[in-house]
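I have placed the structure first, in the form of structure tokens, so that the comments after it can refer back to it.
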Amino acid sequence: MSLLVVGLSHRSAPVSILERAALAADTQAKLLQDTLAAEPAAEGTVLATCNRIELYADVDKFHAGVAELSTLLAQHSGVGLDELTPYLYVHYEDRAVHHLFSVACGLDSMVVGEGQILGQIKDALALGQELHTAGRLLNDLFQQALRVGKRAHSETGIDRAGQSLVTFGLEQLADGTDVDTWATGKKALVIGAGSMSSLAAATLARSGVSEIVIANRTLARAERLAQILNEPGGTPRGSSGEGAGVAAHAVEMVAVGDELTRADVVVSCTGATGLVLTGDDIETAVQGRRTPLALLDLAMPRDIDAAAHRIPGVRLVDIESLAEASADAPMAADVDQVRGIVSDEVAAFGAAQRAAHITPTVVALRTMAADVVAGEVARLEGRLPGLDDKQRAEITQTVRRVVDKLLHAPTVRVKQLASEPGGAGYADALRTLFDLDPETVASVSRADLNDADVKNRGRV
């Protein structure tokens with residue numbers, strides 16, 4: 001089996017396609033279930049963010065796997081396969097590992113170096129574990145991706161290369177003015193109470209806004225976020241820094257129209273499939289205003305009607321305009337250091353996976369050797385019934401030592417060779433030379449997989 005990823009992102013597809021292809025949570029679950037039902041795939045998980053949709057799978061056939069995963073993405077996204085295909089990219093084996101590690105480090109993000117992707121990778125792994133679609137390979141891969149991403153942020157200055165999408169979006173709204181200076185004293189409306197909206201609220205609080213209104217379909221979630229913001233130094237989980245104890249309160253979604261007339265800045269990031277703010281809503285809200293209305297839309301698909309770009313007195317920054325702005329952002333020198341980390345980690349992961357591939361064969365060989373020793377000792381006892389317990393134990397131990405010494409060098413060496421590129425063939429050679437039962441080897445692999453699944457399920 002081999003790792004395959006098929007996906008599309010802000011680098012390969014226009015926002016209009018990404019917007020249409022966005023997957024709701026229940027759609028992601030159905031996609032994974034259908035992926036495992038497909039013949040080429042043994043494992044699968046999906047990484048879906050506001051600017052990427054990637055399906056990861058362990059497949060036994062490359063071309064069949066690409067065809068099946070592409071078809072599944074088209075079916076579940078609702079974008080026709082012929083229309084979707086030009087925007088899809090494919091990575092296989094080591095290149096797939098390199099891609100995910102680069103994503104985890106923020107190298108493939110719209111804003112280079114942003115750290116929110118680590119939480120999204122963690123969520124992707126948790127979904128695969130919850131649905132039992134992520135087995136040993138994807139558990140190992142995504143756990144290692146999280147470690148690589150954390151290493152990049154702790155050992156380099158990649159954080160200096162870019163900020164979170166929230167911070168970058170606010171910088172675009174400020175249009176060259178310091179964000180804290182621009183935000184101070186403003187009234188903010190945050191639509192949504194998920195992780196991105198919580199980060200936006202915390203960022204606005206630290207930037208000096210005087211008031212934050214949280215609107216959400218589930219009022220209780222909005223109230224919890226407002227309560228946290230009202231506490232001195234309060235910041236939502238997952239954000240950094242200290243809040244300013246800003247005045248915050250929650251409202252139901254039906255009140256958004258009224259709050260829009262009072263707000264100076266609006267940040268929207270919900271999971272809605274339709275528009276949250278239409279062009280008519282915004283035109284009504286700005287009638288008679290003396291101050292401009294700043295809108296930041298971080299949702300995919302979009303929450304705010306693109307028609308807002310054409311409304312006088314309104315400045316809208318959305319995913320599409322962020323993509324254009326980020327293309328001109330300078331790359332930090334630390335990016336090269338992170339790329340080096342990624343390359344080293346990809347090589348180490350590949351070596352570990354190749355070494356692990358031969359382990360079931362080595363275990364099966366030692367099991368067979370132990371069976372041979374037991375059989376010969378039993379045969380000897382039948383021929384020499386007068387042996388006492390001490391003599392029998394000494395003979396048994398001697399035979400075992402001989403077998404262990406004969407197998408030690410070959411098994412150690414074959415593990416070393418198997419960790420090198422092209423080393424998978426050594427497991428086949430070992431099975432052929434010792435005529436090992438394929439079912440015995442397979443049973444060891446299944447036991448390892450089950451143990452890994454149980455162990456990794458609690459690590460997210």
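Throughout, residue positions are numbered sequentially from 1 according to the sequence presented.
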Residue pair Leu125 / Ile121, side-chain heavy-atom distance below 4.5 Å: no
CA sep, side-chain torsions, deciding dist, call: Ser70, Leu84, side-chain contact (heavy atoms from CB on, under 4.5 Å): CA-CA 8 Å; Ser70 301; Leu84 189 65; over 6 Å; no
Nearest-0.5 Å distance that lies between atom CG in Leu165 and atom CG in Asn51: 6.5 Å
Inter-residue atom distance Thr133.OG1 - Leu127.CG, 0.5 Å rounding: 6.5 Å
Over all atoms of both residues, closest heavy-atom pair of Val66 and Val6: CA-CG2, 4.4 Å
Chi angles and distances behind the side-chain contact (heavy atoms from CB on, under 4.5 Å) call for Ile214, Leu189: CA-CA 6 Å; Ile214 312 294; Leu189 169 63; over 6 Å; no
Ile304 side chain near Val276 side chain, heavy-atom distance below 4.5 Å: no
Glu252 atom CD, over 12 foreign heavy atoms within 6.0 Å: no
Side-chain donor/acceptor of Asn139 to backbone N/O of Ala134, under 3.5 Å: yes
Atom CZ of Arg151: over 12 foreign heavy atoms under 6.0 Å: yes
Flag, side chain of Thr156 to backbone of Ile158, donor-acceptor distance under 3.5 Å: yes
Shortest non-hydrogen separation from Ser210 to Gly185 and the atoms involved: OG-O, 3.2 Å
Test item: side-chain donor near acceptor, Gln227 and Arg224, under 3.5 Å: no
Spacing of Tyr87 atom OH and Ile53 atom CD1 [to the nearest 0.5 Å]: 13.5 Å
Donor-acceptor side-chain pairing of His309 and Asp318 below 3.5 angstrom: yes
Tyr89 side, atom OH; Ser12 side, atom OG - distance, nearest 0.5 Å: 5.5 Å
Arg52 and Leu8, any side-chain heavy atoms less than 4.5 Å apart: no
Gap separating the NZ atom of Lys186 from the CD1 atom of Ile212, nearest 0.5 angstrom: 13.5 Å
CZ (Arg95) with more than 12 external heavy atoms under 6.0 Å: no
4.5 Å side-chain heavy-atom contact, Tyr56 and Val46: no
Main-chain N/O of Ile319 paired with His10 side-chain donor or acceptor, under 3.5 Å: no
Contact check, side chains of Arg262 and Glu211, non-hydrogen atoms, under 4.5 Å: yes
Within-4.5 Å side-chain heavy-atom neighbours: Phe168 and Glu114: no
Thr167 side chain reached by Glu171 side chain, heavy atoms, under 4.5 Å: yes
Pairwise side-chain contact, Val267 with Ser197, heavy-atom cut-off 4.5 Å (strictly under): no
Distance-minimising heavy-atom pair for Phe62 and Val90: CE1-CG1, 4.0 Å
Derivation of the salt bridge (charged side-chain N to carboxylate O under 4.0 Å, His left out) call for Arg136 and Glu43: CA-CA 9 Å; Arg136 182 175 59 191; Glu43 300 180 34; over 6 Å; no
Asp34 and Lys30 ion-paired at < 4.0 Å: yes
Cationic N near anionic O, under 4.0 Å, Glu320 to Arg302: yes
Value rounded to 0.5 Å, distance of CG in Asp281 from OG1 in Thr278: 3.0 Å
Distance-only donor-acceptor check, side chains His98 and Glu345, under 3.5 Å: no
Check: Gln120/Thr49 side-chain N/O donor and acceptor closer than 3.5 Å: no
CA sep, side-chain torsions, deciding dist, call: Ile341, Phe101, side-chain contact (heavy atoms from CB on, under 4.5 Å): CA-CA 9 Å; Ile341 289 175; Phe101 287 4; over 6 Å; no
Shortest non-hydrogen contact from Val256 toward Ala215: CG2-CB, 3.6 Å
Residues Thr270, Asp303; criterion side-chain hydrogen bond (donor to acceptor under 3.5 Å, both in side chains); working and verdict: CA-CA 7 Å; Thr270 74; Asp303 279 347; 2.9 Å; yes
Residue Arg310 excluded, over 12 heavy atoms near CZ under 6.0 Å: no
Main-chain N/O of Leu23 paired to Thr27 side chain as donor or acceptor, under 3.5 Å: no
Worked verdict on Val342 versus Cys105 for side-chain contact (heavy atoms from CB on, under 4.5 Å): CA-CA 8 Å; Val342 169; Cys105 292; 3.8 Å; yes
Distance-minimising heavy-atom pair for Ile282 and Ala308: CD1-CB, 3.6 Å
Donor-acceptor under 3.5 Å (Ser77 side chain, Leu73 main chain): yes
Side chains of His99 and Asp108, donor plus acceptor under 3.5 Å: no
For the student: nearest non-hydrogen atoms of Leu204 and Val190, plus distance: CD1-CG2, 3.9 Å
